[in-house]
Participant: 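My questions all concern the structure below.
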Amino acid sequence: MISTRFSSSLLSRTAAVLAGAALLTGCAAGGPSAAAAPSSSESPAQAASTTSGGSSIARDDAATEKANLTVVTRLFSAAFPDPDSAEARAVAAASVEKDATVHGGNNASGPAGLLAQFAAAHKSVSGAQAVIKRTAADGDLVAVHYQITDDPSDERTGEAAADVFRLAGGKIVERWAFAQPIAQGPAASGNTNSMFSDLYDPATPSPAPTEAQEEKNRVFTVAAFDTLFKDQDARILDRAFDPNYLQHNPVAPNGTAALKSLFGGGAAFPPIESTVSLSDGDLVWTLSQAVGAKVDDPYTALDIFRVDGNLIREHWDVVPTTPAG
């Protein structure tokens with residue numbers, strides 16, 4: 001229960017028009033279709049990614065979560081502005097294990113790989129700043145959702161990015177990286193929400209979730225995600241989603257109608273499932289892969305869902321052009 005929002009801040013994605021298709025067709029290109037159990041050669045941390053939503057330790061250790069979040073946010077503030085600086089190298093060396101595993105971003109492992117990812121962001125966006133929008137810490141996982149931009153006042157510039165880190169002993173031992181360009185111009189869907197804004201404003205705000213409620217939210221959201229995208233059972237939209245849920249993927253409009261139309265139209269998509277997840281505050285984060293994928297196979301997207309009153313109310317995502325892996 002450590003999430004922090006740094007600035008103002010479902011389940012929809014398409015290759016062109018309707019919500020859902022881009023993610024699902026991406027799985028066909030990037031992930032396997034045959035089921036595979038964790039192999040005996042996988043590390044305990046890797047095995048945890050397919051058995052417990054990704055955390056290999058208890059999800060109610062607030063002190064460890066706070067310490068881990070501090071490590072990650074300090075890394076961003078010290079290393080992102082100038083990845084080639086001596087300070088960046090020193091902080092990365094102190095924060096990232098030499099053999100830390102990486103999924104996505106086409107980067108090498110260890111501290112050098114993370115600095116290379118930050119350097120690539122500067123090449124992609126001149127004058128880049130990492131504007132952190134929301135964070136989460138749950139068990140041994142920390143997640144950061146941020147905008148890469150030269151103009152922090154404009155949420156429609158640059159790239160949307162999200163990184164998830166696993167820490168052990170105060171250092172990063174595994175990480176996942178996702179980034180996509182922010183679409184320019186009016187969205188065909190008519191959706192005018194930015195990819196980062198916070199819009200959900202209930203008439204009666206709920207109290208901050210307890211650790212127990214956060215875990216219930218995580219299990220609830222992962223089950224809803226898998227029911228829709230793995231089982232492809234659109235009836236879950238009426239049980240688990242606010243009919244007017246707020247959508248921050250510009251290719252899809254607000255609400256559940258587009259997804260109902262997509263799944264009700266008889267279209268067939270490769271099934272995907274949540275394999276890594278964390279919950280902090282009223283937000284649940286999930287990383288998805290093709291059903292049966294191994295831990296080191298591509299990850300299709302990172303999704304963030306706001307849960308309130310046992311319904312999914314708001315959604316953000318980062319969907320790389322090619323699956324991260």
Side-chain angles (χ1 to χ4, degrees), residues 10-31 33 156 160 178 180-202 217 220-274 277 283-291 299-323:
L10 162 223
L11 250 93
S12 306
R13 52 189 128 263
T14 74
V17 181
L18 286 176
L23 175 57
L24 297 173
T25 54
C27 282
S33 58
R156 302 182 188 278
F178 300 84
Q180 72 172 101
I182 296 173
Q184 302 299 304
S189 67
N191 188 339
T192 59
N193 304 339
S194 83
M195 294 186 70
F196 305 103
S197 58
D198 280 297
L199 299 178
Y200 179 60
D201 185 20
N217 288 349
F220 165 80
T221 302
V222 169
F225 184 98
D226 286 350
T227 298
L228 184 61
F229 283 110
K230 178 182 177 181
D231 303 332
Q232 299 186 9
D233 182 353
R235 291 175 297 178
I236 192 65
L237 293 167
D238 290 324
R239 300 196 302 269
F241 295 82
D242 183 339
N244 299 310
Y245 86 91
L246 296 159
Q247 173 62 261
H248 294 275
N249 183 322
V251 303
N254 293 326
T256 57
L259 278 173
K260 287 182 179 180
S261 175
L262 177 69
F263 284 94
F269 303 106
I272 62 169
E273 62 186 339
S274 169
S277 57
L283 300 181
V284 175
W285 309 54
T286 179
L287 286 62
S288 55
Q289 293 179 284
V291 171
Y299 288 77
T300 312
L302 179 145
D303 292 90
I304 307 171
F305 304 97
R306 170 165 284 129
V307 180
D308 184 40
N310 296 316
L311 287 175
I312 293 170
R313 306 285 189 174
E314 193 165 11
H315 168 251
W316 304 259
D317 60 11
V318 180
V319 187
T321 305
T322 56

Participant: To the nearest 0.5 Å, what is the distance between CG (Asp242) and CG (Leu237)?
Facilitator: 11.5 Å
Participant: Please identify each residue that fulfils side chain to side chain contact (heavy atoms under 4.5 Å, CB included) with Ala187, with sequence neighbours left out.
Facilitator: Ser189, Pro250
Participant: Heavy-atom count around Arg239 CZ within 6.0 Å, excluding the residue itself: above 12?
Facilitator: yes
Participant: Starting at OH of Tyr299, measure out to OG of Ser288 and round the result to the nearest 0.5 Å.
Facilitator: 10.0 Å
Participant: Please enumerate all residues that pass side chain to side chain contact (heavy atoms under 4.5 Å, CB included) together with Asp308, with sequence neighbours excluded.
Facilitator: Tyr200, Pro202, Ser206, Arg313
Participant: Quick one: do Asn191 and Asn254 satisfy side-chain contact (heavy atoms from CB on, under 4.5 Å)? Show the steps, please.
Facilitator: CA-CA 7 Å; Asn191 188 339; Asn254 293 326; 4.1 Å; yes
Participant: Would the distance check show the side chain of Gln180 and the main-chain N or O of Thr321 forming a donor-acceptor pair, the cut-off being under 3.5 Å?
Facilitator: no
Participant: Measure the spacing between CZ of Phe241 and CG of Leu228 and express it to the nearest 0.5 Å.
Facilitator: 5.5 Å
Participant: With Phe305, which of Val222, Thr221, Asn217, Leu283 fulfils side chain to side chain contact (heavy atoms under 4.5 Å, CB included)?
Facilitator: Thr221
Participant: Counting distance only, does the side-chain N/O of Ser261 pair as donor-acceptor with the main-chain N or O of Ala257 below 3.5 Å?
Facilitator: no
Participant: Pro271 and Lys230: which non-hydrogen atoms are nearest, and at how many Å?
Facilitator: CB-O, 3.5 Å
Participant: Atom OG1 in Thr300, atom CZ in Phe229: separation rounded to 0.5 Å?
Facilitator: 10.5 Å
Participant: At what distance, to the nearest 0.5 angstrom, does CG of Asn193 lie from CG of Leu199?
Facilitator: 5.0 Å
Participant: Give me the atom names and distance for the closest heavy-atom approach of Phe178 to Ala301.
Facilitator: CE2-C, 3.7 Å
Participant: For Ser274 and Thr286, which I'm curious about, is there any donor-acceptor pair between the side chains at under 3.5 Å?
Facilitator: yes
Participant: Who passes salt bridge (Lys or Arg N to Asp or Glu O under 4.0 Å) against Arg156, sequence neighbours left out?
Facilitator: none
Participant: Out of curiosity, Trp316 CH2 to Gln247 CD, how far, rounded to the nearest 0.5 Å?
Facilitator: 10.5 Å
Participant: Applying salt bridge (Lys or Arg N to Asp or Glu O under 4.0 Å), name anything that partners Asp238, two or more places apart in sequence or on another chain.
Facilitator: Lys260
Participant: Without hydrogens or angle criteria, can the side chains of His248 and Asp317 be said to hold a donor-acceptor pair below 3.5 Å?
Facilitator: no
Participant: Any salt bridge (charged side-chain N to carboxylate O under 4.0 Å, His left out) involving residues 183-196? Give me the pairs, sequence neighbours left out, ordered by first then second residue.
Facilitator: none
Participant: Go through the steps for Ile304 and His315 under the test side-chain contact (heavy atoms from CB on, under 4.5 Å), then give the verdict.
Facilitator: CA-CA 6 Å; Ile304 307 171; His315 168 251; 6.0 Å; no
Participant: Give the intermediate values and the outcome of side-chain contact (heavy atoms from CB on, under 4.5 Å) for residues Phe220 and Phe225.
Facilitator: CA-CA 9 Å; Phe220 165 80; Phe225 184 98; over 6 Å; no
Participant: Listed by chain and number, what are the side chain to side chain contact (heavy atoms under 4.5 Å, CB included) partners of Pro186, not counting sequence neighbours?
Facilitator: none
Participant: Begin from the C-alpha positions of Trp285 and Leu302 and carry the test side-chain contact (heavy atoms from CB on, under 4.5 Å) through to its verdict.
Facilitator: CA-CA 7 Å; Trp285 309 54; Leu302 179 145; 4.0 Å; yes
Participant: Which atom names give the shortest non-hydrogen contact between Glu273 and Asp226, and what distance separates them?
Facilitator: CA-OD1, 3.3 Å
